[in-house]
Structure formats: C-alpha cells, structure tokens
Amino acid sequence: MVQKAFLSRLKLTDFRNYPEAVLMLDGRHVVLTGDNGAGKTNLLEAVSFLSPGRGLRRAVLSEVSRVGGTGGFSVFAEVEGMEGEVSLGTGIDGDSDSLSRRLRINGTPARSTEELSDHLSVLWLTPAMDGLFTGPSADRRRFLDRLVLSIDPGHGRRASDFERAMRSRNRLLSEGRYDPAWVSAVEAQMAGLGISMAAARREMLDLLRHLASVSQQEPFPTPVLALEGFLDAAGDMPAAELEERYLDMLREGRGRDAAAGRTLEGPHRSDLLVRHREKDMDAGRCSTGEQKALLIGLILAHARLTANMTGFAPVLLLDEIAAHLDEGRRIALFDLVHELGGQAFMTGTDDAMFSPLGERAQFLEVDGGSIRRGPLLSTRLQDC
Ligand SMILES: Nc1ncnc2c1ncn2[C@@H]1O[C@H](COP(=O)(O)OP(=O)(O)OP(=O)(O)O)[C@@H](O)[C@H]1O
C-alpha cells in the first residue's frame, strides 16, 4: 500500500516575485492558475527546492532571490513526510556569496541537501523539458540521473565526485609532466565511481522496463529505454571486471585525452535512448505531441516506480501539463496522477481545464506574486 507524503504548509520569503506568501494545503492536489508571468512556475520551483540539487530551473541561487529584496531567499515547508511530520527550511542569506543553499530539518542545520530525500521525493515535468529527446545528450543524462537520484540518493554524490576526479585528471594530463602514480590514483577513483554510476543507471532502466511490462498507462505511450555510449558491449560483466576494463581504457587513453583536453571515455559520455514502443520509433523522430505524451508516460512510470520503491508516492510538479492535451487525454492524465496516490501541483492559465479534477484538488489563483482563494490561505500581498 503506497502512502502519501505531502506539503501541508509552504512559506516563501523573497523568492523570485514573491515578497512573502503562505499556502495552507490540505493534502489534495494543488492547481495553480493565473496569467503568464503571474508566478505559477516560481511556486513549483520553490517546491522543487525541497529536493536535492538546483531545482527545476537549475537556477543560480542568487538569481532566485527577489529583485529588490534582501538578497537572500527562503522556502519553508511543513511536510507529512516519509519519516512523519517534519519542517524543512532552505535558502540563502542576503549577505552570503555561497554557491549552496542552507538546509534546516526541524530547525537543525543539515549536512547536505541530500538529506531531503529521507522525507520527500519530488519529481517534475516542465515545458523546458519538451526538447529532451532532440536536444543535447547532456540534458538526457541529467534527466536520467535525476530519475536515479529519487530512489538512490547517493547517486548525486557519486556523480559529483566523479566529475571532480575527472577534472583533476584532465588538469594533470594537460600539464604534460605529471606524476604517473598520482594520475593512476585519480583514475582508480574514477573507475570505481564511474562503474557505480553506470550500474545505478542500468538498474533504474531495468526497473522501469519491468514496470512497463506489468502496467499500462493508457493513453500515454510506453517509452522503451536504453543506454548508449559507455562500455556498451560489456553485457553482464561483473562490476570488478568492468572497473578493471575502464581503468585500462583510462590508462591507455592518456595520450589521446591529453591531446583532446578532456576524458573521452566514461559515464559522462552515456546517452539515454528513448523509443516509442507502440510506433517502434526513436523518440527524437516522433511528432511534438507524441514526444510530449512519451515524456508524460516516462514521468508517470517513474513516479509509480518511486512509490513502489519507497512506499510513498512522490510529490509531482506538472507545469503547464494540460495545455497541449485534448480533453480525453487530460481527463486520463488527471486520473493517472490521482491513482498514484500522492500530491501533485499543476499549473495552467485556465482553471476550466482542470475542472475534471473536481474535489480532488485545491484551486489557487496566482497573480503578480500573490495567491488568492481557498479558505485556509493567507498571504501578505505585493502591490502590483
Ligand atoms: N529574482 C526575481 N525577482 C523578482 N521577480 C522575478 C525573479 N525571477 C523571476 N521573476 C519574475 O517572476 C515572474 C513570474 O514567473 P513565472 O515563471 O513563475 O510565471 P508563470 O506564472 O509560470 O508564467 P507563464 O504562464 O508565462 O509560464 C516573471 O515575470 C519574472 O520576471
């Protein structure tokens, strides 16, 4: 039985176009409607800061602070989380030039934002992801790594440690006269981390594949997923052998990598391949609408997987999700989202589009950095 982890209160201070806003939420889905530029996506972004990383816009933190504000920002949430009730507070101070945000859990400073994954899992789908299948492979890798992160919180640390080791190797090789023992040590670190990263990604794809084989999410197509670009021919080789093989590749590739100024083999070169199963076609060659439907299918499958793995349905952030769907698909999407058993935040310009949700959702109206409607809602309104 999947349980619900949800936000019961959200408070933003100097967050984007919100000087201050407080939302009291009752655990149902949340529909945010308003004109373009009202602040709907900003609210979703605030919720995305309740998961590790840089949020759904991958923003530079200083840009998140409200223009004309104190220079800092904060997001505070009361959550019925995976370990019970918890308060989560995150943000940056006005006088700090820190690149990372602070996190407090129940008022106590946390070591890293990774600790958020113990309480809540947050997944999102935004219009910025529409070009995922046709854009650069780095976007698909990042997308895949976020999928992995929601069920394996250590994945983010492994990926950033790998990046750091790789930068260090690139720098040593570019210097020309390097100490081979030192480079070997860095390569050994890269090999261990790189193979763990590849294994975690492969495991995620296997799980999604299995889920797709046992559950349907009509009318959204089933994405067929594969990885390409790193140790493709390795098959089911044991991890220790893979590590040896990657280590050999790095050792033998030193001259070539020094000339290229970068490491040419590794998990940082993998690509996520997506196919439309019913059409038997690469996602990149599908129509715009088909790509959107595939992306929705992928996010829903992943949300279901996260719920199965953790026992708690994730919080879903669906930005402008209804805009390009016909009525039948919209109704089906709302039903699928509701069946997941979690709390979804959905945005759009027209609240009529969300009427099929009925009593399953709280409807809030966003306007120029303020939020209206709903009996339990209080905001200090920004004059606009
Ligand atoms: N740091 C900031 N300080 C003040 N305002 C900001 C900041 N960052 C973004 N904004 C403003 O926030 C406003 C709302 O943006 P948001 O993306 O949330 O709109 P939206 O309601 O999702 O609109 P759309 O329907 O067009 O997607 C924009 O006008 C933007 O200029």
Side-chain angles (χ1 to χ4, degrees), residues 7 10-23 25 29-51 53-77 90-102 122-132 288 292 295-296 299 315-325 330 333 344-355 357 361-374 377 379-384:
L7 279 68
L10 180 70
K11 180 177 180 206
L12 315 183
T13 309
D14 276 341
F15 190 94
R16 299 260 185 207
N17 64 336
Y18 292 91
E20 186 171 287
V22 181
L23 277 80
L25 305 170
H29 305 301
V30 182
V31 172
L32 301 160
T33 54
D35 293 341
N36 296 135
K40 305 179 294 293
T41 309
N42 292 348
L43 258 171
L44 298 193
E45 185 184 28
V47 179
S48 73
F49 277 130
L50 301 175
S51 67
R54 287 163 54 190
L56 59 73
R57 286 194 173 105
R58 293 184 42 75
V60 176
L61 292 174
S62 57
E63 287 174 9
V64 177
S65 304
R66 186 173 65 89
V67 173
T70 58
F73 74 84
S74 71
V75 176
F76 178 85
T90 186
I92 58 170
D93 294 325
D95 52 4
S96 90
D97 52 2
S98 164
L99 292 175
S100 56
R101 55 194 163 98
R102 288 176 286 102
V122 186
L123 313 177
W124 54 80
L125 182 56
T126 71
M129 289 155 73
D130 285 353
L132 186 74
T288 314
K292 184 83 183 182
L295 208 45
I296 293 174
I299 293 293
V315 170
L316 278 182
L317 309 178
L318 305 174
D319 197 11
E320 284 180 42
I321 191 81
H324 304 292
L325 299 177
R330 227 179 315 126
L333 173 68
F345 289 72
M346 293 172 254
T347 69
T349 48
D350 177 9
D351 56 3
M353 282 204 173
F354 297 93
S355 58
L357 277 165
Q362 273 179 278
F363 287 74
L364 307 177
E365 210 174 281
V366 180
D367 180 14
S370 67
I371 305 156
R372 283 200 295 268
R373 226 190 256 181
L377 185 74
T379 52
R380 203 176 73 197
L381 305 182
Q382 178 195 19
D383 289 330
C384 55

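Not measured: the values here are computed from a predicted model. Indexing begins at 1, ligand by ligand and atom by atom, following the structure's order. Computed from heavy atoms alone, side chains included, the values below leave out hydrogens, waters and symmetry copies.
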Heavy-atom closest pair (G55 atom, S48 atom, distance to 0.1 Å) is CA-OG, 3.3 Å
L25 side, atom CG; Q362 side, atom CD - distance, nearest 0.5 Å: 5.0 Å
When you measure from atom 29 (O) of ligand 1 to every protein heavy atom, which one gives the shortest distance, and what is it? G37 O, 3.7 Å
Drop me the distance from L61's CG to F49's CZ, to the nearest 0.5 angstrom. 5.5 Å
P127 versus K292, closest heavy-atom pair with distance: CA-NZ, 4.5 Å
Gap separating the CG atom of D319 from the CG atom of L44, nearest 0.5 angstrom: 5.0 Å
To the nearest 0.5 Å, what is the distance between CG (L12) and OH (Y18)? 7.0 Å
Heavy-atom nearest pair, D350 first then T33, reads C-CG2, 4.1 Å
Residue-ligand contact D35/ligand 1, heavy atom below 4.0 Å: yes
Nearest heavy-atom neighbours spanning L10 and A77: CD1-CB, 4.1 Å
Any N or O of N36 that comes nearer than 3.5 Å to an N or O of ligand 1? yes
Do the side chain of T90 and the main chain of R102 share a donor and acceptor less than 3.5 angstrom apart? yes
Give me the residue, atom name and distance of the protein heavy atom closest to atom 22 (O) of ligand 1. T41 OG1, 2.5 Å
Quick one: nearest non-hydrogen protein atom to atom 18 (O) of ligand 1, plus distance? N42 N, 2.8 Å
Which protein heavy atom lies closest to atom 27 (O) of ligand 1, and at what distance to 0.1 Å? E320 OE2, 3.1 Å
Residue, atom name and distance, where the atom is the protein heavy atom closest to atom 17 (O) of ligand 1: R57 NH2, 2.7 Å
With heavy-atom distances below 4.0 Å as the criterion, list the atoms of ligand 1 near N17. 4 (C), 5 (N), 6 (C), 12 (O), 13 (C), 14 (C)
Do any heavy atoms of E45 fall under 4.0 Å from ligand 1? no
Do any heavy atoms of G39 fall under 4.0 Å from ligand 1? yes
Do you know which of R54, R57, K40 makes side chain to side chain donor-acceptor pair (under 3.5 Å) with E45? R57
In terms of residue, atom name and distance, what is the protein heavy atom nearest to atom 25 (O) of ligand 1? K40 NZ, 2.9 Å
Please write down residue, atom name and distance for the protein heavy atom closest to atom 8 (N) of ligand 1. R16 CD, 3.2 Å
Would you check whether V366 reaches within less than 4.0 Å of ligand 1, judged by its heavy atoms? no
The answer for which part of V64 has a heavy atom under 4.0 Å from ligand 1 is backbone
Residue-level breakdown please: for S65 versus ligand 1, do any non-hydrogen atoms fall below 4.0 Å on the side chain, on the backbone, on both, or on neither? backbone
Any chance the rings of F76 and F15 have centres within less than 6.0 Å? no
Starting from atom 3 (N) of ligand 1, locate the nearest protein heavy atom and write down its residue, its atom name and how far away it is, to 0.1 Å. V67 N, 2.9 Å
Any protein heavy atom under 4.0 Å from atom 14 (C) of ligand 1? yes
